[in-house]
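In what follows, chains are A, B, ... by sequence order, proteins preceding strands, each numbered from 1. These numbers were taken from a predicted model, which means no experiment stands behind them. Side-chain atoms are counted along with the backbone in the values below, which use heavy atoms only and exclude waters and symmetry mates.
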Amino acid sequence: MLEFILCIITVLSAILALIQKDLLKAAILTGFSGGALAVLFQILLAPDVALTQAIVGAAIVPVFIALAVKKTQREGS
Amino acid sequence: MNELIPLMVIVPLMAALLISAFSRFNTATKVFAFVVAICLPIIPIASNYGLHYFGGYAPMLDNVTSVMYHPAITYSFTFLQQIFIAMIGLLTFLVVFVYLTKYRKVSGPYLFLLFLGTAAVTAMLLTDDIFHMFVFFEILALAQVGIVAASSIDYSYEMALKYMVLGSIGSPIMLLGIGFLLALTGSVNVTDIAAAVHNGLVDATSPVFLMSLGLIFFGWLYASGLPPFHTIKSGIYSKAEPHGAALLQSFTVISMISIVLIMFRIYATLPIFEVLIVFFSILAMILGVSLALTQTDFRRMIGFLAVGELGFIGLGIGLGTNFSITAGLFQALNEIIITALLFIGFGAIVEATNEVDTRKLGGLLAYHPKVSIMLLIAGLAMAGVPPLSGFQSKLMLVQASLSCGFPEISILAIMVSIATFVVFVKTFYTMFLKPKPNDLDLEGKEVPRAMIFTMAILLIIVVLFGVYPDLVTSGISNFVGGIL
Amino acid sequence: MKLYDQIFNVVKQFRKLFSPGPVTNADVSGSITAEIFLIVSLVLAVILLRHVSVLLAGLATLVVAIVLITNIPLIPKFKIEQEDSLEKMLFYAVVTLSIIIAFLYWGGNLV
Amino acid sequence: MAQTQLAILLTSVALIVIGLYSAIFIDNIIKKIIGISFIEEGANLFIVAIGYKAGGVVPILMPGMDTSWFATNAAYPLPFGLVLTSIVIGASTLAVMLALVMVLYRRYGTLSTKVMLSDTAKQEEYNE
């Protein structure tokens, strides 16, 4: 059951990230998507991939995007 | 000495890392980069042919199904790899030499990118492992973006970002195709996959297999800059420094042939594979040359011509006979040399005039006679005039397509050659023979010696291959006989 | 006379192709060469269909030749479609990807 | 548990389609980059799903496990190794793209793709 919820979270937060007006919210939603993907990898019996994805997808990538947003502008049409 | 095989990748990779770490010491960096660059063409020539298994895991025989498995990442080194790696090593040496003599203070990160790209294409040529090839393909894309972004030409950052965005569509699609193949065969070793396909373990008509072909083919289109990626490829050539562009086009050609040879080994049983390759090659030839005819920026013009010439390579491989594949690979080797010569030669003109618009140039023959004569010969070689090397490979291609029963393709190839010739005559006239415009100041500006030296060396190779094509064609033909 | 006028207009339209900047006769003759090359090579490429069916090749060649000749000048239109803006490059890349996938899925075994 | 695998495959297809959609239709360059990175994630998820074995165990040989039981029940670990590399490559590509965007924002003052990354000749006119 958990995997279906995680699939829905992944796709939904991906779509929500792309329709946000605020780029910072988009960055945080990207982190949601990456984190849900990490748990999904754990369910798919790949704990090493899950660890990497948890660090990269849920922490590093949102931080990169947030830094880029801070250096540029926050509102995106 | 099979121990030298992994060194071909490890030496430029380690040199890249060391140079970028110790780039504070200017003189030491220069000497070190020069020594490594000299080693690059020598290692493949000194090495023996053979296989190298990383970690020493030799192939295993499954006793139940009596199929060989390759557990290790395998590097195979034959005549084809030797000649191409030696050529890319020589080109890297010349480019690094031009770069080192141009600037008093060298930039460590730029040399890092040049060596990283060389290591990546060398690994792509050598490897027998499709995922290993994908990893180095991504590293190569990053190195190419870095080389473009490091140039001081206007709008180079924009072009680099465009290339990167397109690349981040092309590469995951190719990864997905590799995933489809992995799902079908459970292996990423090309020999294993090809054996599984030819032994009938994989259904060659199943949609999954066809999809994997389509997805990897799209990645190949991105890697080689065939349409729809011809605009971005010619764009990044025109926005890189001339010596960088000379190396970038060789990276493109080598990644093109290394991916297409792997695809050929896996998908050669599917007739649609050859149809796709021939279709996109013809499109590339037509679009590349017709757009080159209308350009006024001569760097962009060479970029489009380089894309158009890639169509000839694809044509040779798409026809699928021993003779035509030999011709295609020989054309690839010639194109690396001739296009590098053209980029460096036109770069020398940019050095001397600070102008890239052909309409504002003229009368350069009197000021730079050596450069203009060498550029003329290179242009004739690209257009396929005897006795230069372009003539030999294009003649082989025309003969191959005639003997396959496609006279239209031979007519098309000859027409593209003629149009290439027209491009060169037009550009040569407007840049070198036309009277000099009054507002063009040419006094006191010299072409760097290193560039003339580089062009002379490349020109010697062009003439050598033109007079004695058997030096390479017989060896390549043997290699092609092995994979057919 | 209509076709003659049309060809004469082609040369005038090439002037826009090279703006900003002066137009030299070498550039215009290069563009006319490109125009003729494009028409002839596309028609020649269509003749390759004869390996599938001779009738189809004949019809397609006629249609392509008529469409191309009545639409001159082609080169300005081609150049607008192949400028280096990211929008157009991404559009053509994704369209090509979908065409390749659809063609292989439904027609992969027919060839 | 074939349903799990089907759901995973549908998710990866959805991520790839979202990425391709955003490549064409989204104008803001940062959002476009976010969208395109979903293609890479979809491909990764697909490759991990290849190695999955319904009702299997994690492919790590613990002390005390029976080797032949482990060989039949463990998931296939080769795709997992590939995905590890692929994730790191995707993150580094994203970082390079964002760095280039930061440089270009200083010159143009906007994140719109139509302004920032249009045709070079038009940009020359725009800057003059």
Select one option (side chain, backbone, both, neither) describing which atoms of B:Leu161 are under 4.5 Å from chain C's heavy atoms.
neither
Name every donor-acceptor pair, under 3.5 Å, that has one atom in a side chain of residues 39-58 of chain C and the other anywhere in the protein, sequence neighbours excluded.
unit_1	atom_1	unit_2	atom_2	d
C:Ser41	OG	C:Phe37	O	2.6
C:Ser41	OG	C:Leu38	O	3.2
C:Arg50	NE	B:Glu408	OE2	2.4
C:Arg50	NH2	B:Glu408	OE2	3.2
C:Ser53	OG	C:Leu56	N	3.2

In terms of heavy-atom pairs under 4.5 Å with chain C, which of B:Tyr429, B:Phe280, B:Phe217 leads?
B:Phe280
Counting heavy-atom pairs closer than 4.5 Å to chain C, which one of B:Ser290, B:Gly214, B:Ala419 comes out on top?
B:Ser290
Under a 3.5 Å threshold, yes or no: a donor from one side chain and an acceptor from the other, between B:Ser410 and B:Ser401?
yes
What part of B:Thr296 gets within 4.5 angstrom of chain C, counting heavy atoms only: side chain, backbone, both, or neither?
side chain
Side-chain donor-acceptor pairs of residues 272-279 of chain B under 3.5 Å, sequence neighbours excluded:
none

Under 4.5 Å from any heavy atom of chain B, what part of C:Tyr105 do you find: side chain, backbone, both or neither?
side chain
Which of B:Val422, B:Leu287, B:Val289, B:Thr427 touches chain C most, by non-hydrogen pairs under 4.5 Å:
B:Leu287
Atom CZ of B:Phe209 with >12 non-hydrogen neighbours under 6.0 angstrom:
yes
Apply ring pair (Phe, Tyr, Trp, His ring centres under 6.0 Å) to B:Phe432 and B:Phe428, showing your working.
CA-CA 6 Å; B:Phe432 294 101; B:Phe428 194 77; 4.8 Å; yes
If I measure from the heavy atoms of chain C, does B:Val416 come under 4.5 Å with its side chain, its backbone, both, or neither?
both
Of C:Leu97, C:Thr96, C:Ile101, C:Ile100, the largest count of non-hydrogen pairs under 4.5 angstrom with chain B goes to C:Leu97
Checking B:Ile286 against chain C: side chain, backbone, both or neither under 4.5 Å from a heavy atom?
both
Working for salt bridge (charged side-chain N to carboxylate O under 4.0 Å, His left out), residues B:Lys162 and C:Glu87:
CA-CA 10 Å; B:Lys162 284 173 198 168; C:Glu87 307 258 297; over 6 Å; no
Taking NZ, NE, NH1 and NH2 as the nitrogens, is one of them in B:Arg300 or C:Asp84 under 4.0 Å from a carboxylate oxygen of the other?
yes
